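For clarity, every value in this text was computed on a predicted model and none was experimentally measured. This chain uses plain numbering: 1 for the first residue, then up along the sequence.
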Amino acid sequence: MKQKIALLVLLLVQGLSAQDGYKLWLQYSKIEQPQRAEQYTAYNKNLKLDTGSATAKVIHEELNTAFEGMLNLSPELNGDAPGLLILKTSALPEKLQNQFKALEDLPEDAYAIRATRLDKRDVIVISAASEKGLLYGTFAYLREMQQHKDLSQLDITDAPKIKKRLLNHWDNLDRTIERGYAGFSIWDWHLLPNLIKEEYIDYARANASIGINGTVLNNVNASAYILQEDYLQKVKALADAFRPYGIQVYLTARFSAPIEIGGLQTADPLNAEVQNWWNEKAKEIYTLIPDFGGFLVKANSEGQPGPNNYGRSHVDGANMLAEAVAPYNGIVMWRAFVYSDEKPEDRAKQAYSEFVPFDGKFKDNVLVQVKNGAIDFQPREPFHPLFGAMPETPLMMEFQITQEYLGGMSHLAFLPKLFEETLQADTYAKGAGSTVAKVVDGSLTNTQLTGMAGVSNIGNARNWTGHPFAQANWYGFGRLAWNPELSAKTIAEEWLAQTFTPNPEFVKPMTSLLLDSREAVVNYMTPLGLHHIMAEGHHQGPGPWVKDLGREDWTSVYYHKADSLGIGFDRTSTGSDALAQYAPEIEKAYENIETTPQQYLLWFHHVPWDYKLDNGETLWYNLARKYQDGVEEVEAMINTWQEMKPYVGEQVYEKTRMLLSIQLEEAQWWRDSCLLYFQQFSNKEMPEFIPEAKHTLDYYQSIRDPYAPGIKPSWD
């Protein structure tokens, strides 16, 4: 009996370790297929690699970890007749160099992987012009192995389409995380710089594996203290740890820092003392961290200080900081998420109105960082009208990986589908085919400085992201930042195969589940173009009734405008005319309610309750149908997941099962509360397919959650 128990425990531990959430998509699970294992061993048992640099040592360590896990193999280093060569192009044997000449015309981060012949034997060659390229190539090679690909057919040449590929951490110095749903910050500022945790190294490994090359360590709602000398020493320690992985560190700079920690009386960007303060601060930072990336800035938005406080423009503020970091090849990422303190005409219009007049006036090392949509990371938004409207200014995409408006920690929502939808949207800036992706990667306007930022969903949870499937959103962001043309389907297949198993009996149904999951969330939260109807402040759960706050555009009623006549925000020429900010092709199509895509109907139009949609049913009927579809789609996700139990570890299965049950309850909550609320205005009967609500509207409106995760707590 004891032997049986011991064997059972061993099997359980082995099963869980094969899908350890801490390892993310770098599981390196044992290759069970004899034919694949034999091929992989033959290629990898002898390795040629110059380990003289810190990055090369990282490559060697990663290969040892991977081959030990997948093949129980410790490759011989630099022995005779290597089967795997990882060398800079300049160091390749002369007889191989012609095969890699294409790398000469690609960015330094580019790499090539090729199965070829050398001295009458089969070999795999990974080559690049730089050590970072070799690192990225190595991770790409291991990605192929984790998917059980045939190595003898390898012929890959790849290069990043975007230069600056960053995570934005909304982490505070007290280790809380604004809109974070996976615990506290992984940055343990109190113990830095002396303690470098294992998590910091594994964080860098994970990011390097998907091509992320930068990280902004602190919240956009910044504390100036991060710029003080003692904190800069802590930042330096992280920069030193990340450097071998090709990752630069950046900081959010609080615009009023010259006052708060500098002792000045003003932060006016045209003031000589202020300019000198920032110049000296930049010099101090770069003396400590020579490859410091630069500053991210949130200014004159949601109460944050900025140049407008002094009657100056965004250009004045951004260019002042850009001049400070320019001598060190630093950049400034100036966020376009702004809205004025005055009562707005339409909040969706304000960033365009404030920034388009400054097109071409920013310094060459300034990126204007623009959210994917004009409101605020909603489950679905049309692409931001700034994309395509500022051809003389580098525009950096900002996606939110953390799910502030998509269920936080408890909802499974595969966000690469959202990212793909935005990136493939056509701006028509230079005619048809002028996609947002081409704006962001610079190909549309021949822009050299390019970037993409993702608001991190990482915390100190054992599996990094809380929800096991939220890891896919981190992974997917990195892959799209490298190549914004990559499909969400490819990303889903890659992540599933590496994280769980490449067995098609698992990957195929789970790929469908992931690709459908975000649409399910849209359906049960904000169907047909509804937006920003979440609960007050923390945004967890429904709140279409939210009104009478400090600002009108913080309320839900401002956005849905439901009344006895209909529902939706009129952004056509008869309303706010936000459509005029888009290209004429879009404006013309969306001005007409009949040619507006159904998914954006209530975003651009105030639609009568009896208006007939393409299916011949009324708006009220279709709104209810979408809410019910969302619930039923979560039920289908639960059924699919139950069928996947044989392919995943018990721990991740049970956690995901329980989270899906929470998601179903919350989807029903959204459906019931929103339909009851909107029914007051429509005066329509509930369609027969809508079940009776569990509670009354008064009950739903009475729900309060002052301690919902994701908002900075009060320590009073």
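Taken from CE in Met333 to CE in Met396, the straight-line distance is 5.5 Å, to the nearest 0.5 Å. Here the straight-line distance linking atom CG of Leu395 with atom OG1 of Thr393 works out to 6.5 Å at 0.5 Å rounding. From Asp316, atom CG reaches atom CG of Leu321 across 11.5 Å, with rounding to the nearest 0.5 Å. Tyr203 contributes atom OH, which lies 6.5 Å from atom CD1 of Ile247 (distance to the nearest 0.5 angstrom).
Side chains of Ser456 and Trp474: no donor on one and acceptor on the other come within 3.5 Å. Side chain to side chain, Gln369 and Asn168 meet the donor-acceptor criterion of an N or O pair below 3.5 Å. There is a side-chain donor-acceptor pair under 3.5 Å between Glu131 and Ser53. Under the 3.5 Å distance criterion, with hydrogens and angles disregarded, a donor-acceptor pair is assigned to the side chains of Gln233 and Glu229. A donor-acceptor contact under 3.5 angstrom links the side chains of Trp482 and Asp158, judged on distance only. A donor atom on one side chain and an acceptor atom on the other are found under 3.5 Å apart for Gln424 and Glu485. For Thr427 and Ser434, the side-chain atoms include no donor-acceptor pair closer than 3.5 Å. No side-chain N or O of Asn457 forms a donor-acceptor pair with one of Thr402 less than 3.5 Å apart. When only modelled atom types and interatomic distance are considered, Tyr22 and Asp202 share a side-chain donor-acceptor pair under 3.5 Å. A side-chain donor from one of Glu178 and Asn219 sits under 3.5 Å from a side-chain acceptor of the other.
For Lys161, the NZ atom is loosely surrounded, since the number of other residues' heavy atoms within 6.0 Å does not exceed 12.
Under the 6.0 Å distance and 45° angle rule, Arg518 does not count as a cation-pi partner of Phe414.
Remark: the backbone N or O of Asn218 is paired with a side-chain donor or acceptor of Thr252 at under 3.5 angstrom. Although no hydrogens or angles enter the test, the distance criterion places a donor-acceptor pair under 3.5 Å between the side chain of Gln378 and the main chain of Asp376. The closest donor-acceptor contact from the side chain of Gln471 to the backbone of Gly21 lies under 3.5 Å. Formation of a donor-acceptor pair under 3.5 Å by the Thr499 side chain with backbone atoms of Leu496 is not found in this model. Distance alone, capped at 3.5 Å, is enough to place a donor-acceptor pair between the Tyr310 side chain and the Ala267 backbone. Checking side-chain atoms of Asn309 against main-chain N and O of Pro305 turns up no donor-acceptor pair under 3.5 Å. Between the side chain of Tyr141 and the main chain of Ile113, no donor-acceptor pair closer than 3.5 Å is present. Counting only distance, with no hydrogens or angles, the side chain of Ser127 and the backbone of Thr89 share a donor-acceptor pair below 3.5 Å. Of the possible donor and acceptor atoms, one in the side chain of Lys234 sits under 3.5 Å from a partner among the backbone N and O of Trp189.
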**Prompt:** Between Lys371 and Glu381, is a salt bridge (charged side-chain N to carboxylate O under 4.0 Å, His left out) present by the stated rule, with each step listed?
**Reply:** CA-CA 10 Å; Lys371 290 187 178 185; Glu381 295 188 48; over 6 Å; no
(message) For a side-chain contact (heavy atoms from CB on, under 4.5 Å) check, start with the C-alpha distance between Thr450 and Val440, then their side-chain angles and the critical distance, and finish with the verdict.
(response) CA-CA 6 Å; Thr450 58; Val440 175; 5.9 Å; no
Is there a side chain to side chain donor-acceptor pair (under 3.5 Å) between Glu421 and Asn372? Walk through the geometry before answering. CA-CA 10 Å; Glu421 182 178 291; Asn372 60 283; over 6 Å; no
Worked check of side-chain contact (heavy atoms from CB on, under 4.5 Å) between Val455 and Phe399: CA-CA 6 Å; Val455 180; Phe399 286 125; over 6 Å; no
Tyr328 vs Ile289, side-chain contact (heavy atoms from CB on, under 4.5 Å): CA-CA, chis, key distance, verdict | CA-CA 10 Å; Tyr328 315 98; Ile289 311 168; over 6 Å; no
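Listed by chain and residue number, Lys236, Arg243 satisfy the salt bridge (Lys or Arg N to Asp or Glu O under 4.0 Å) test with Asp240 (two or more places apart in sequence, or in another chain). Residues passing the salt bridge (Lys or Arg N to Asp or Glu O under 4.0 Å) test with Lys489 are Glu493, sequence neighbours excluded. By the side chain to side chain donor-acceptor pair (under 3.5 Å) test, Glu260 is found to be paired with Arg254, Ser256, residues two or more places apart in sequence or in another chain being considered. For Glu404, the salt bridge (Lys or Arg N to Asp or Glu O under 4.0 Å) criterion is met by Arg179, not counting sequence neighbours. Glu392 pairs by the side chain to side chain contact (heavy atoms under 4.5 Å, CB included) definition with Asp359, not counting sequence neighbours. For the salt bridge (Lys or Arg N to Asp or Glu O under 4.0 Å) test, no residue two or more places apart in sequence or in another chain qualifies with Lys164.
Heavy atoms only, all atoms of each residue included: Arg175 and Phe184 are closest at O-CD2, 3.1 Å. Closest heavy-atom contact between Gln146 and Gln498: NE2-OE1, 3.4 Å. The shortest non-hydrogen separation linking Gln147 to Ala497 is CG-CB, 3.9 Å. Residue Ala224 comes nearest to Ile261 through the heavy atom pair O-CD1, 3.4 Å, listed as atom of the first residue, atom of the second, then distance.
Using the six-membered ring where Trp is involved, Phe383 and Tyr582 have ring planes that are perpendicular, over 60° apart on the 30 and 60° scheme. Ring planes of Trp334 and His314: perpendicular class, angle over 60° (limits at 30 and 60°).
Between Arg479 and Glu494 there is a salt bridge, since a side-chain N of the basic residue sits under 4.0 Å from a carboxylate O of the acidic one. With respect to Arg165 and Asp109, a salt bridge is recorded, a charged nitrogen being found less than 4.0 Å from a carboxylate O.
Tyr200 pairs with exactly one of Tyr245, Trp187, Phe242 by the ring pair (Phe, Tyr, Trp, His ring centres under 6.0 Å) rule, that one being Trp187.
Between Ile59 and Leu49, the closest side-chain pair of non-hydrogen atoms falls below 4.5 Å.
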